[in-house]
Amino acid sequence: MFNKRIKIKELLSQEPEGQEVTVMGWVRTFRNNQFIALNDGSTNNNIQVVVALGSQDDELLKRITTSASLKVTGTVVPSLGKGQKMDLNATSIEILGDSDAEKYPLQPKKHSLEFLREKAHLRFRTSTFGSVFRVRHALAFAVHKFFNEKRFVYMHTPIITVSDAEGAGEMFKVTTLPLDGTAPKNEDGSINFKEDFFGRSTNLTVSGQLEGELGATAFGDIYTFGPTFRAENSNTARHLAEFWMIEPEMAFYDLEDNMNLAEEFIKYIIKYALENNKEDLEFLAQRLAEEEKQLPQDKRSEMGLLEKLEFVLNNGFERLTYTDAIQILKESNHNKKKKFQYEITGWGMDMQSEHERYLVEKHFKKPVILYNYPAAIKAFYMRQNDGCEPGKETVAAMDILAPGIGEIVGGSQREERQEKLERRMTEMHIPLEELWWYLDTRRFGTVPHAGFGLGFERMVQFVTGMTNIRDVIAFPRTPGSAEF
RNA sequence: UCCUCCUUAGCUCAGUUGGUUAGAGCAUCUGACUGUUAAUCAGAGGGUCGCCCGUUCAAGUCGGGCAGGGGGAGCCA
């Protein structure tokens with residue numbers, strides 16, 4: 001059998017007592033013609049392979065270059081050096097794959113994140129990205145673990161959709177029609193999508209929510225976790241054209257139940273990462289601290305990464321209504337000194353990210369859940385609150401805002417009353433015929449229900465402290481960029 | 001899409017009021033050393049100064065356009 005190796009993470013957890021092992025991995029550095037730092041991706045830590053003088057052919061030693069892949073067999077002994085607890089004294093070294101040192105772009109030194117973004121196919125081999133993507137995995141696994149323990153059904157909603165009704169953003173068109181102008185046309189000159197693959201116009205999904213609601217009204221609780229596509233021309237450190245979203249949808253939930261679940265969920269997956277990827281998070285915390293040394297004092301985080309995560313675990317999220325939030329903003333010194341770029345015009349305004357940041361980072365200094373937003377600025381499916389003052393109608397929506405990231409969750413209790421839902425859809429010019437299947441849930445055994453969407457990459461950003469979303473997804477898709 | 005900044009060696013960056021042959025550290029190569037921790041020491045090679053146009057006797061340096069990237073904003077998760 002070829003693969004009879006021990007993973008380095010496992011090896012490092014053992015005591016060095018002369019046992020013989022085989023490891024395989026990639027060379028991080030080769031020092032002094034004698035010490036190989038070998039990494040296999042199972043942990044950020046390397047195993048130090050020691051090559052005894054004269055034990056190996058000179059020609060072979062020359063081929064031990066950065067990122068060459070090796071199979072090493074040897075005996076594990078306590079290290080004579082200071083930096084590590086054990087050495088692997090090599091008895092045999094086999095080069096599985098050479099790495100031309102003149103051509104290999106990554107060096108054993110600090111690289112900028114921007115540079116590594118251009119080398120996204122190799123950046124997993126760096127300490128930073130190794131840690132980021134192991135944490136990403138842990139968070140993804142914890143998502144499934146959390147919902148499975150709560151007996152939610154994992155539902156795969158379609159990637160290709162027809163509903164253009166949600167208004168969640170610009171969509172990518174999916175078609176097999178020719179793009180050279182020869183596509184079949186209608187009499188009015190528009191493209192005849194009846195001739196297209198699906199016999200109608202189709203897009204990549206912007207949300208699985210509407211389909212998720214169909215599942216929730218049968219299984220009770222479901223969640224989705226899949227790719228989501230937005231064709232928006234967004235060029236920021238927190239937007240992607242292709243990202244992963246988690247959308248739980250729960251029957252027999254009101255807005256408060258929804259907020260409770262979202263908060264419990266976020267804490268659960270953070271806790272899982274802290275318990276299972278402590279080394280990676282410690283490394284990332286150190287990286288972040290060093291990066292922040294470059295920043296002026298007032299731009300640095302008040303807490304270190306681990307401190308921040310512990311703080312989030314141990315404190316309740318601040319919950320307040322949109323109305324109260326506007327009041328706080330209005331009365332803030334920040335506003336009185338006219339320091340907001342966008343004026344606080346009063347109830348009904350759509351908050352700008354500077355306003356949200358003020359609430360989260362300056363006023364409360366912890367995650368904040370805002371709820372009961374004005375109906376006019378929110379989506380059609382959100383439940384209309386009863387007993388509102390005329391002109392101040394609200395819906396049972398909630399957004400969770402995280403320090404440094406902004407909106408990480410958006411959710412609501414859904415409008416389960418058919419008549420009210422249809423009236424609102426008509427007002428907002430959403431075609432009822434197209435969503436006949438959605439409306440059927442309100443026709444046949446409708447129930448109070450709620451759900452939310454959590455941007456997975458933003459969650460990974462929050463936990464890893466990476467400031468650019470392009471550094472927490474393997475191969476980012478952004479306007480003008482789809483390499484790899 | 002808007003505002004703003006940046007683009008000089010493989011990487012990170014310096015380059016004066018426009019002036020002769022564009023520099024440094026790291027990396028690479030050659031050699032030395034051999035218990036190193038981004039090893040160290042000596043030497044060598046390595047440049048279309050993002051691209052195009054212009055101003056000028058002369059442009060890495062000044063002006064315009066384009067491309068790519070960073071930061072911020074909008075849209076949002």
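Order of the sequence lines fixes the chain letters, A, B, ..., with proteins taken first and strands second; residue numbering starts at 1 for each chain.
- If you check every strand for non-hydrogen atoms under 4.0 Å, A:Thr228 touches nothing.
- Residue contacts shown for A:Ser112 are limited to sugar-phosphate atoms, with no base heavy atom under 4.0 Å away.
- Distances shown here put a side-chain N or O of A:Arg238 below 4.0 Å from the OP1 or OP2 atom of B:rA73.
- Paired runs in RNA chain B that reach 3 or more consecutive Watson-Crick or G-U pairs, where each pair keeps both distances under 3.5 Å, cover B:1-7 with B:67-73, B:10-13 with B:23-26, B:28-32 with B:40-44, B:50-54 with B:62-66.
- A donor N or O paired with an acceptor N or O is found under 3.5 Å between the base of B:rC76 and the side-chain atoms of A:His239.
- A distance of about 12 Å separates the P atoms of B:rA59 and B:rU55, rounded to the whole Å.
- If you check every strand for non-hydrogen atoms under 4.0 Å, A:Ile408 touches sugar and phosphate atoms only.
- Judged by distance alone with a 3.5 Å cut-off, no donor-acceptor contact links the side chain of A:Thr236 to the base of B:rG71.
- B:rA9 atom C1' lies 12 Å from atom CD of A:Gln107, rounded to whole Å.
- Across all strands, A:Arg117 comes closer than 4.0 Å only to sugar-phosphate atoms, never to a base (heavy-atom distances).
- Counting to the nearest Å, the P atom of B:rU40 and the NZ atom of A:Lys109 are 13 Å from each other.
- OP1 and OP2 of B:rA39 both lie 4.0 Å or more from every side-chain N or O belonging to A:Gln34.
- Remark: the A:Asn32 side chain and the B:rU40 base include no donor-acceptor N/O pair separated by less than 3.5 Å.
- For B:rG23 and B:rU16, the P atoms lie 14 Å apart once the distance is rounded to whole Å.
- Mapping A:Gln48 and A:Glu354 onto RNA chain B via the closest heavy atom, the residue that lands nearer the 5' end is A:Gln48.
- Side-chain contact annotation: A:Lys308 with A:Ser301, donor-acceptor N/O pair under 3.5 Å absent.
- Taking side-chain N and O atoms only, A:Arg31 has a distance below 4.0 Å to OP1 or OP2 of B:rA39.
- The separation between A:Tyr104 atom OH and B:rC11 atom P is 14 Å, rounded to whole Å.
- Separating the P atom of B:rC57 from that of B:rG18 is a span of 15 Å, rounded to the nearest Å.
- The aromatic rings of A:Tyr272 and A:Phe141 lie tilted to each other, with the angle between the two planes from 30° to 60°.
- By the 6.0 Å contact criterion, NZ on A:Lys365 is open, its count of non-hydrogen atoms from other residues, nucleotides or ligands being 12 or less.
- Comparing the C1' positions of B:rG15 and B:rU8 gives a spacing of 9 Å, expressed to the nearest Å.
- Within the 4.0 angstrom heavy-atom criterion, base atoms lie near A:Gln84.
- Closest contact between the side chain of A:Thr29 and the listed nucleotides B:rC11, B:rU36, B:rA38 involves B:rA38.
- Checked by distance alone, A:Asn468 brings no side-chain donor or acceptor within 3.5 Å of a matching partner on the base of B:rG70.
- Counting non-hydrogen atoms of other residues, nucleotides and ligands closer than 6.0 Å to CD of A:Glu427 gives a total above 12.
- A distance of about 16 Å separates the C1' atoms of B:rU56 and B:rG64, rounded to the whole Å.
- Across the interface with RNA chain B, nearest-nucleotide mapping of A:Leu53 and A:Gly453 shows A:Leu53 to be the residue nearer the 5′ end.
- When atom types are taken as modelled, the side chain of A:Gln413 and the backbone of A:Leu255 share a donor-acceptor pair closer than 3.5 angstrom.
- Using a 4.0 Å cut-off, no side-chain N or O of A:Arg470 falls inside it from OP1 or OP2 of B:rG71.
- Defined by atom type and a distance below 3.5 Å, a donor-acceptor pair is present between the side-chain atoms of A:Glu279 and A:Asn45.
- Crowding of A:Lys173 atom NZ: a count of heavy atoms from other residues, nucleotides or ligands under 6.0 Å exceeding 12.
- Spacing between atom CG of A:Leu116 and atom P of B:rU12 amounts to 9 Å, rounded to whole angstrom units.
- In this entry the distance linking CD1 of A:Ile469 with P of B:rG69 reads 17 Å, nearest Å.
- Side-chain N or O atoms of A:Glu249 include none that pairs as donor or acceptor with a backbone N or O of A:Gly215 at under 3.5 Å.
- Residue A:Arg458 places none of its side-chain N or O atoms closer than 4.0 Å to OP1 or OP2 of B:rC76.
- A donor-acceptor contact closer than 3.5 angstrom is absent between the side chains of A:Asn260 and A:Asn258.
- In this structure, CD of A:Gln286 is placed 11 Å from P of B:rA38, rounded to the nearest angstrom.
- When heavy atoms are screened at a 4.0 angstrom cut-off, A:Glu407 is found touching the sugar-phosphate backbone but no base atom.
- B:rA9 and B:rG47 have their C1' atoms separated by 6 Å, given to the nearest Å.
- Judged by centroid separation below 5.5 Å and plane tilt below 30°, A:Phe243 stacks onto the base of B:rA77.
- Using cut-offs of 30° and 60° on the angle between ring planes, the pair A:Phe147 and A:Tyr223 is parallel.
- Between B:rC26 and B:rG46, the distance separating the two C1' atoms is 14 Å to the nearest Å.
- Atom CE of A:Met466 and atom P of B:rG70 are 13 Å apart (whole Å).
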Using the rule given for ring-ring contact (aromatic ring centres under 6.0 Å, His included), can you reason through A:Phe225 versus A:Phe456, listing the C-alpha separation, both sets of side-chain angles and the distance that settles it, and then say yes or no?
CA-CA 9 Å; A:Phe225 186 0; A:Phe456 185 59; 5.0 Å; yes
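- Between the side chain of A:Ser234 and the base of B:rC76 there is no donor-acceptor pair of N/O atoms closer than 3.5 Å.
- If you check distances only, the side chain of A:Glu102 never reaches the base of B:rG10 with a donor-acceptor pair under 3.5 Å.
- Taking atom C1' in both B:rU12 and B:rA73, the straight-line distance is 30 Å, to the nearest Å.
- Atom NZ of A:Lys103 is separated from atom P of B:rG46 by 17 Å (rounded to the nearest Å).
- Using a 4.0 Å heavy-atom criterion, one finds that A:Phe30 contacts no nucleic acid atom at all.
- Of all nucleotides listed (B:rU28, B:rC75, B:rU37), B:rU37 comes nearest to the side chain of A:Lys82.
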